[in-house]
Each structure stands twice: as structure tokens, then as C-alpha cells.
Amino acid sequence: MPTDVFLVRHGEKADAGPGDPGISARGRTKARGVAELLAPVEPVALYSSPLKRARETAEVVGRQLGLPVVDDGRLRERANWGDVLGQSFEEFVKSWQRCAQDRDYIPPGGISARQAGERLAAFVVDQARRYPDAAVVGVTHGGVIVDFLLTVLAAADLAEHNPDYLAMDFCAVTHVRADGGRLELVRLAATSL
């Protein structure tokens, strides 16, 4: 029996600076919209990246759905600007782009795109084992969602679903159906189900 896993990109950040910012008022509004969108599928569990922007998004969703938020490090971004002391934004972006081009490159203070994708794939497969024939929500980050999808699908397949998949909106929902170890992309970076 398949499990529907809904991967939600966190809400808009309150601060564009380095570190671990929370979400803006607009991010909270969009998170409430995600909760309304997901309510009909009746999720049984809600997980979040431990980074503040994801956690705050998950808390808004959880309040509306009546679900507690469980932190899971496998939902964390591959690298976070501000984790490497003294790293400029330009250095972070250069490192991020190198990860995108060389999926095995390990950036300072992070993990490779391939490792991040495999880590999120393990999360999805675990949810299928834990919650067969149910829906689960994971609030995470756009980069790690793309890392995951490029681990389990070809870039051409992703572009077929959504040619703009690299420009994922805040609070966009990616729906993956997991049946044992088999993963199927249902919707990519959607704002409706």
C-alpha cells in the first residue's frame, strides 16, 4: 500500500542574511495556505528540518492540522549560509553552484548534493515503511528537494513535471508516492493538489 509524502518548501524567510532566520508574516500566511491544501489528505505525521525557517513553517501547518512537529535532520539543507564562520554570500553561492554541477562535491560545513538527496530518499522510504497507505508531511528546503529528485529521477523527467523546478516557490508542495522502495513523483513544486 503506497504512502503519499508531501515535501513542503519552508515559508519565506524574515531575514535574507546568514544564519538560521525564521519566517516572515507572508511566510506564515502561505504556511496556513499549505495546511488548508493538505487538510483533505488527512496527514498522520508531520516532520521538519531542524532549521528555524522550516520548523516555524511546520509549526504553523501543525497547529492547523492538529499534528505535533517532529524534527528530522534528514530534511535539513545540504549547506546553510552562516554555518561556516566568515563565509561571504558570494563564497556560499559559488560553493552551492559547484555542488549543483558536481553532485559529489562536499561544500565547507555541509554535505554533497548526492548525500543530501540520498538522505531525503531514505526519509521518504522510511515513511512508507512506518505509515503504509497514509499521508505524511515533511517541511524542508528547496535545494534538498531538488537534490532528492535528481537522485531518484533524471533532470529531463523533472523538467517534464515542471520546467521551472529550480525556481521553487516558498511553501510549494512536492508530492511523492512511495510504495516500498519504489518512488513516483506525482507533483513537483505545486501550489495546488
Side-chain angles (χ1 to χ4, degrees), residues 6-34 46-62 69-124 137-153 155 158-159 162-174 176 188-191:
F6 296 91
L7 300 171
V8 178
R9 183 181 182 206
H10 62 78
E12 176 185 77
K13 294 188 266 183
D15 177 6
D20 192 11
I23 60 174
S24 67
R26 185 174 164 192
R28 290 181 193 294
T29 299
K30 286 188 95 172
R32 284 190 291 276
V34 166
L46 174 60
Y47 293 88
S48 176
S49 158
L51 291 175
K52 191 174 182 181
R53 57 195 177 269
R55 178 70 189 199
E56 286 185 3
T57 303
E59 287 169 354
V60 171
V61 172
V69 179
V70 179
D71 284 347
D72 192 312
R74 296 175 293 181
L75 295 169
R76 193 182 195 284
E77 194 67 275
R78 77 170 98 109
N80 183 58
W81 181 40
D83 285 355
V84 176
L85 190 62
Q87 184 183 46
S88 71
F89 184 67
E90 292 75 24
E91 291 167 328
F92 176 77
V93 169
K94 185 176 178 183
S95 178
W96 186 271
Q97 290 171 338
R98 183 171 172 193
C99 278
Q101 293 167 352
D102 176 359
R103 291 183 39 81
D104 293 311
Y105 169 72
I106 299 174
I111 62 174
S112 73
R114 187 174 316 281
Q115 289 169 322
E118 289 170 349
R119 184 178 67 185
L120 187 51
F123 167 83
V124 171
V137 177
V139 180
T140 184
H141 308 268
V144 76
I145 292 172
V146 172
D147 291 342
F148 158 69
L149 293 171
L150 289 172
T151 297
V152 299
L153 296 169
L158 293 179
N162 182 341
D164 222 10
Y165 70 91
L166 290 174
M168 192 177 300
D169 286 337
F170 290 110
C171 288
V173 179
T174 296
V176 177
L188 173 59
T191 53

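Heavy atoms only: backbone and side chains are in, while hydrogens, waters and symmetry mates are out. Note that the structure is predicted; figures quoted are calculated from it, not measured.
Atom-to-atom distance recorded for Leu7:CG and Ile145:CD1 is 5.0 Å, nearest 0.5 angstrom. Taking CG from Leu51 and CD from Glu56, the interatomic distance works out to 11.5 Å, rounded to the nearest 0.5 Å. Taking CZ of Arg53 as the start and OG of Ser24 as the end, the distance is 12.5 Å to the nearest 0.5 Å. Here the CD1 atom belonging to Ile23 is positioned 11.5 Å from the NZ atom belonging to Lys30, to the nearest 0.5 angstrom. In this structure, NZ on Lys13 lies 6.5 Å from CZ on Phe170, to the nearest 0.5 angstrom. Atoms CZ and CG, on Arg55 and Asp20 in that order, are 12.0 Å from each other to the nearest 0.5 Å.
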- Message: Applying side chain to side chain contact (heavy atoms under 4.5 Å, CB included) to Leu120 and Asp147, what does each step give before you reach the verdict?
- Response: CA-CA 8 Å; Leu120 187 51; Asp147 291 342; over 6 Å; no
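Heavy-atom minimum distance, His10 versus Val139: CA-CG1, 4.2 Å. Taking each heavy atom of Met168 and Thr174 in turn, the nearest pair found is CE-OG1, 4.4 Å. In terms of heavy-atom proximity, Arg32 sits nearest to Val60 at CG-CG1, 3.5 Å. Scanning both residues, Ser48 and Ala58, for their nearest heavy atoms gives CB-CB, 3.7 Å. Annotation for Gly73 and Pro50: closest pair CA-CD, 4.0 Å, computed over non-hydrogen atoms. The nearest pair of heavy atoms linking Lys52 to Pro21 is CB-O, 3.8 Å.
Contact check for Tyr105 versus Ser95: side-chain heavy atoms found under the 4.5 Å cut-off. The side-chain heavy atoms of Val8 and Val61, taken from C-beta on, include no pair separated by under 4.5 Å. A heavy-atom distance below 4.5 Å is not found between the side chains of Arg9 and Asp169. The shortest distance between side-chain heavy atoms of Phe148 and Val176 falls below 4.5 Å.
Screening residues 90-100 for salt bridge (charged side-chain N to carboxylate O under 4.0 Å, His left out), with sequence neighbours left out, gives no hits.
Not a single donor-acceptor pair under 3.5 Å links the side chain of Asp15 to the backbone N or O of Gly22. Within the 3.5 Å criterion, the main-chain N or O of Gln87 finds a donor-acceptor partner in the side chain of Trp81. Side chain of Thr57 to main chain of Gly11: a donor-acceptor pair is present (N/O by atom type, distance under 3.5 Å, no hydrogens or angles). At distances below 3.5 Å, not a single donor-acceptor pair connects side-chain atoms of Thr191 with backbone N or O atoms of Ala172.
Listed by chain and number, the residues in a side-chain contact (heavy atoms from CB on, under 4.5 Å) with Gln115 are Ile106, Ile111, Ser112 (sequence neighbours excluded). Legend: residues meeting side-chain contact (heavy atoms from CB on, under 4.5 Å) with Asp72, ordered by chain and number and at least two apart, are Tyr47, Arg74, Leu75, Phe123.
At a threshold of 4.0 Å, the pair Arg76-Asp83 counts as salt-bridged, since one of the basic side-chain nitrogens sits closer than that to a carboxylate oxygen.
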